[in-house]
Amino acid sequence: MTKWRVKVSSHNAPSAANLASAEHIRNNPKFKELVAKRNAFAWTLSAIMLIIYFGFILIIAFNKAWLGSLLSAAGVTTIGFPIGVGVILSAIALTGVYVYRANGEFDEMNRQIIEESR
């Protein structure tokens, strides 16, 4: 049987300069602004998604017959199908919104913070 050994080297340990730099970044007002904006935005998008998802679940729980009604008299598709697809597409759309803002505003703020810490 083979025994695995992990070799710990001192070059992986954070240096005093890196720790000071990390502390400098944490104390930067722009970093605090970035964290606050990113957290608020993420919580807002999470709340929107939870409202959409649990709204759909509540409709299933309390008005199942309405979801099962047909879109048209000649069709076979129920109202629940496009609503379910809408729930899935809303998750994709909200992810896209987050990525768009993260790659734009948040990345720019991050770049400025890194530049100021050098």
Side-chain angles (χ1 to χ4, degrees):
M1 182 154 67
T2 305
K3 291 186 178 184
W4 296 92
R5 293 184 185 188
V6 177
K7 191 175 190 180
V8 179
S9 63
S10 62
H11 74 274
N12 290 334
S15 66
N18 287 341
L19 291 176
S21 178
E23 189 64 31
H24 181 274
I25 289 173
R26 270 191 231 106
N27 292 329
N28 186 331
K30 284 186 180 179
F31 177 74
K32 291 177 182 180
E33 178 187 2
L34 171 64
V35 170
K37 278 185 174 182
R38 193 180 56 202
N39 285 343
F41 188 58
W43 280 109
T44 300
L45 293 179
S46 297
I48 291 169
M49 193 63 236
L50 284 172
I51 289 167
I52 292 169
Y53 178 74
F54 283 112
F56 183 64
I57 298 299
L58 289 172
I59 292 172
I60 292 171
F62 295 111
N63 206 349
K64 196 179 300 185
W66 179 73
L67 281 177
S69 59
L70 298 176
L71 282 173
S72 66
V76 294
T77 304
T78 64
I79 292 173
F81 183 76
I83 293 175
V85 170
V87 170
I88 294 167
L89 292 178
S90 67
I92 294 168
L94 290 175
T95 301
V97 168
Y98 181 83
V99 168
Y100 178 79
R101 188 165 178 199
N103 288 342
E105 178 184 352
F106 297 154
D107 278 356
E108 177 59 27
M109 290 177 74
N110 194 38
R111 187 194 61 73
Q112 290 173 2
I113 292 165
I114 291 171
E115 285 297 319
E116 289 179 8
S117 70
R118 290 183 181 175

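The structure places CD1 of I88 at 10.5 Å from OH of Y53, a figure rounded to the nearest 0.5 Å. Atom CD1 in I114 sits 10.5 Å away from atom CZ in F31 (nearest 0.5 Å). Here S90 contributes atom OG and I83 contributes atom CD1; the two are 12.0 Å apart, rounded to the nearest 0.5 Å. To the nearest 0.5 Å, atoms CD1 (I57) and CG (L50) are separated by 11.5 Å. Here I48 contributes atom CD1 and L94 contributes atom CG; the two are 6.0 Å apart, rounded to the nearest 0.5 Å. Put simply, CD1 on I92 and OG1 on T95 are 7.5 Å apart, with the number rounded to the nearest 0.5 Å.
One hydrophobic cluster, built from ILVMFWY side chains closer than 4.5 Å, cannot hold both W66 and F81; they sit in different ones. Cluster membership for I79 and I60, using ILVMFWY side-chain heavy atoms within less than 4.5 angstrom, is shared.
For the pair I52/F56, no side-chain contact is recorded, criterion being any heavy-atom separation below 4.5 Å from C-beta on. Between T78 and L71 the shortest side-chain heavy-atom distance does not fall below 4.5 Å.
Between E33 and K30 no salt bridge is recorded (no basic side-chain N to carboxylate O distance below 4.0 Å).
Within the 3.5 Å criterion, the main-chain N or O of I59 finds no donor-acceptor partner in the side chain of N63.
Shown here for L70 and G75, the closest heavy-atom pair between the two residues is CD1-O, 3.6 Å. Minimum heavy-atom separation, A40 to T44: O-OG1, 2.7 Å. Nearest heavy atom pair, residue F41 against residue R101, reads CD1-NH1, 2.9 Å.
Applying the side chain to side chain contact (heavy atoms under 4.5 Å, CB included) test to A91 and every residue at least two apart in sequence or in another chain returns M49.
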Intermediate values then yes/no, side chain to side chain contact (heavy atoms under 4.5 Å, CB included), K37 and M109: CA-CA 11 Å; K37 278 185 174 182; M109 290 177 74; 4.2 Å; yes
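Partner of Q112 under the side-chain hydrogen bond (donor to acceptor under 3.5 Å, both in side chains) criterion, chosen from E108, E116, E115: E108.
Between Y98 and F106, the angle of the ring planes lies from 30° to 60°, which puts this pair in the tilted group.
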